[in-house]
There are 2 protein chains.
Amino acid sequence: MATIRDVAKLADVSVSTVSLALSNPARVSPKTLEKIRHAVAAVGFVADPLAQSLARGRSRMIGFVVGNVGNPFFGDIRRELENYALDHNHFVLVTDSSGKTAREKAMVEHLIGLKTAGLALAPSGHDQDYLDFVAGLNVPIVCFDQKVAGIERDFVGSDNHLAGAMLTEHLLQLGHRRIAFITGPSHMHTATERYRGFTDTMANAGVEVNPNFVVDGQFTRTAGYEAAMRLLIQLERPTAILGANNTVALSALQAMQELGFRCPEDISLAMIDNVQWSSVITPRITMVVQDTLALGGIIARRLMHRITNPQGAVEPPQDFVLTPKFVSGNSCRRV
Amino acid sequence: MATIRDVAKLADVSVSTVSLALSNPARVSPKTLEKIRHAVAAVGFVADPLAQSLARGRSRMIGFVVGNVGNPFFGDIRRELENYALDHNHFVLVTDSSGKTAREKAMVEHLIGLKTAGLALAPSGHDQDYLDFVAGLNVPIVCFDQKVAGIERDFVGSDNHLAGAMLTEHLLQLGHRRIAFITGPSHMHTATERYRGFTDTMANAGVEVNPNFVVDGQFTRTAGYEAAMRLLIQLERPTAILGANNTVALSALQAMQELGFRCPEDISLAMIDNVQWSSVITPRITMVVQDTLALGGIIARRLMHRITNPQGAVEPPQDFVLTPKFVSGNSCRRV
DNA sequence: CAGTTCTATCGAACCGGTTCGATTTAATCA
DNA sequence: TGATTAAATCGAACCGGTTCGATAGAACTG
């Protein structure tokens, strides 16, 4: 591998001039620049990013930290970020914490060690320890998905209260009154907001929420399945189930199928967030989806802004909250 | 951030002794080691991975390069690799090439620039250029999924010929004769092998393959959809469709639903590779799945072996081919 | 006890760039 | 034309570690 000294020798200039010419061509005389360009081409010089990062104290890499890269929600955002970053000469490193806070911390620390220029982070924690950890990170960071109280960073996400409210309203309009809600973890902002959207809308409509109809699905497959089962074995069953996210809703669908309930004939179902291949799932689930492309675009732009603009680093954090979209399926029937 | 020189100063030894003590404690006297340990703790020293990588010429990072991290097949493998790597003090960097060879090259080059210890690569190319490129990479590499002729590297994958054959045999057993096949890109080993498995089995059974029943789905959603449409509008329709991968098969299911065909009553469907939530897709597709956990485990072990063992680097490349598994659904009916 | 072999530690060079103050050269001004 | 200023280039220090040959002292040998 050719080094900058090889180039300097061949071009018959000093190493520092080569470095200067490469990073700021305008500050070098045209003929010197030409010599250096020739030499670079001749020896096939490519700057070592590691050495560069070490010397500069920062790299051209962006860390993307989420709990599940396989989730299409994160996948779409990743793609948007990646495209934008590549256009701006940055490189995205993806890491998956599997939702574990400890692993996330380790990964973030590793990324910081790599002198990443910035981080797109879907926070997995919420306690004081975690807040301190994030606050202590001295890099541009854009948080997304989960709004965590106490984190003073840019945030990009959707209006989750509205998402819950939209689906609840839809079910109410169809005549449902016995509506069940499968929640997510109570420490997650998305989960509590969606749930609030549900209860607020129910209250506004003057419909009481049956406490037995609120079960905890933890946003996971197993817990969602169990929660759904708990709903379905009740003597007085709900006429509609609202899943706080895609995983618990589809687990509920599976539980319904296994117990022989038909959807929507016996029980209606609605969910927040899309999944891959939702178009071939029968019935097509009525859902509220987030605009992942827009979210990804905003995250990308905001992060690159903070990274590239000198004063961008000190701008006060800002929240970007998008309106989710209602997508009608055929999983909800009129009662 | 504390540096190694801070530690050296506090422990009153030379920098090189500190470095030695940290990387090879046995070669330092017990009392010196103790002093250094104290100093490390006192200043909170953590070695800068960048500086370390630069000096050593290699890092503790492993690059994971695939065309679609969202695909659960790759997701499962990634998880296995990651767990194993973390246990062995290595760190996985995930990159997604979106299936584009050019982008994959750029990403691999970047990873090499980062002095990654090794690469788990799902190759996206096949031409001479690409072969030369891969051959020129001077890092431990384990290829998986696509077996590319001419790449002299470890390979981990499944018996794709068998996968195609199993499903074909199953359909033949059920009495089907007019079996259609939606293929993948002809330059992909998995695609051609699966197709060969189909044709060989058909030939063995003495059943002729109708050329109109073989359509190209490119392993993509749009092409798969088009291909399926082309099958479904024929006057003499197939009684069964075999999708060479999950994407084309599910696209076919969608096409069938849109045209009003019922599966399996009107047309049977089978596919190779699982998808997320296949359990709630109606009907449950009969399929042949790869043992992703085993594949991931082998990839991880093989790669770490080459990385950590001095002589591991020069071992001749080896192929690991696993037997896929038949998973019965209810998408195929007897005719 | 002189000669040899370990063992523990050190100093200096190195990995491959960047950066900044100093110096040389060229251009502008009185 | 000599003084002043700007532009171009250079040298050396630095980023934060690793590595290897050198050295000094301890332990072993005959």
Side-chain angles (χ1 to χ4, degrees), chain A residues 1-37 39-40 43-61 89 109-110 112-117 138-139 310, chain B residues 1-37 39-40 43-61 89 109-110 112-117 138-139 310:
Chain A
M1 205 75 288
T3 77
I4 198 173
R5 310 190 199 254
D6 299 329
V7 176
K9 203 169 298 172
L10 188 59
D12 195 33
V13 293
S14 78
V15 169
S16 50
T17 303
V18 177
S19 177
L20 188 64
L22 261 29
S23 61
N24 196 350
R27 286 199 35 201
V28 162
S29 78
K31 64 177 192 298
T32 309
L33 188 57
E34 194 50 31
K35 275 197 301 181
I36 291 175
R37 289 232 164 105
V40 165
V43 303
F45 171 76
V46 180
D48 182 333
L50 233 43
Q52 238 165 348
S53 304
L54 180 62
R56 286 210 253 248
R58 65 139 65 205
S59 74
R60 292 198 151 285
M61 299 183 292
N89 201 18
E109 263 161 5
H110 200 106
I112 298 287
L114 254 32
K115 311 267 191 302
T116 37
N138 193 23
V139 212
Chain B
M1 204 76 287
T3 77
I4 199 173
R5 311 192 198 250
D6 300 329
V7 176
K9 204 168 298 171
L10 188 58
D12 196 33
V13 293
S14 76
V15 168
S16 48
T17 304
V18 177
S19 177
L20 188 63
L22 261 29
S23 61
N24 197 349
R27 285 199 37 202
V28 163
S29 79
K31 64 175 192 298
T32 309
L33 187 57
E34 194 49 30
K35 276 197 301 181
I36 291 175
R37 289 233 162 104
V40 165
V43 302
F45 171 76
V46 179
D48 181 333
L50 273 186
Q52 238 166 348
S53 303
L54 179 62
R56 288 198 181 133
R58 65 141 60 207
S59 74
R60 292 197 150 287
M61 297 184 293
N89 202 18
E109 263 161 5
H110 201 105
I112 298 286
L114 255 29
K115 311 266 191 300
T116 36
N138 192 22
V139 212

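Computation of the quantities below employed the complete heavy-atom set of this structure, encompassing side-chain atoms and omitting hydrogens, waters and symmetry-equivalent molecules. So that the names make sense, note that chain A is the first sequence line, chain B the second, and so on, each numbered from 1.
- In terms of position along DNA chain D, the nucleotide closest to A:T32 lies nearer the 5' end than the nucleotide closest to the other residue of the pair A:R5 and A:T32.
- Interatomic distance, A:Q52 CD to B:L50 CG, rounded to the nearest 0.5 Å: 11.5 Å.
- Out of C:dG16, D:dG16, D:dT18, the shortest distance to the side chain of A:T3 is found at C:dG16.
- Residue B:R56 places its side chain closer to D:dT18 than to any other of D:dT18, D:dG17, C:dC10.
- Between the NZ atom in A:K35 and the OG1 atom in A:T17 there is a gap of 9.0 Å [rounded to 0.5 Å].
- In this entry the distance linking CG of B:D48 with P of C:dG16 reads 17 Å, nearest Å.
- Residues B:F45 and A:V13 each lie close to DNA chain D; by heavy-atom proximity, the contact nearer the 5' end of the strand is made by A:V13.
- Residue A:S29 has a polar side-chain atom (N or O) positioned under 4.0 Å from OP1 or OP2 of D:dT9.
- Atom CZ of B:R56 is separated from atom NZ of B:K115 by 14.0 Å, given to the nearest 0.5 angstrom.
- Not one side-chain nitrogen or oxygen of A:Q52 sits closer than 4.0 Å to the OP1 or OP2 atom of C:dG16.
- Following rounding to the nearest Å, B:L50 (CG) and D:dT18 (P) show an atom-to-atom distance of 13 Å.
- Atom CG of B:D48 sits about 9.5 Å away from atom CE of B:M1, to the nearest 0.5 Å.
- Side-chain atoms of B:V28 lie closest to C:dT9 of the nucleotides C:dG17, D:dT9, C:dT9.
- The interatomic distance linking A:L22 (CG) with C:dG17 (C1') rounds to 11 Å, in whole Å.
- In this structure, B:V46 reaches the sugar-phosphate backbone alone: every heavy-atom distance under 4.0 Å involves primed, P, OP1 or OP2 atoms, never a base.
- The shortest distance between the side-chain N/O atoms of B:S16 and the OP1/OP2 oxygens of C:dT9 is not below 4.0 Å.
- Summarising the geometry, the separation between CG on A:L20 and P on C:dA22 is reported as 18 Å, rounded to the nearest angstrom.
- Proximity of B:S14 to the phosphate of C:dC10: a side-chain N or O atom is located under 4.0 Å from OP1 or OP2.
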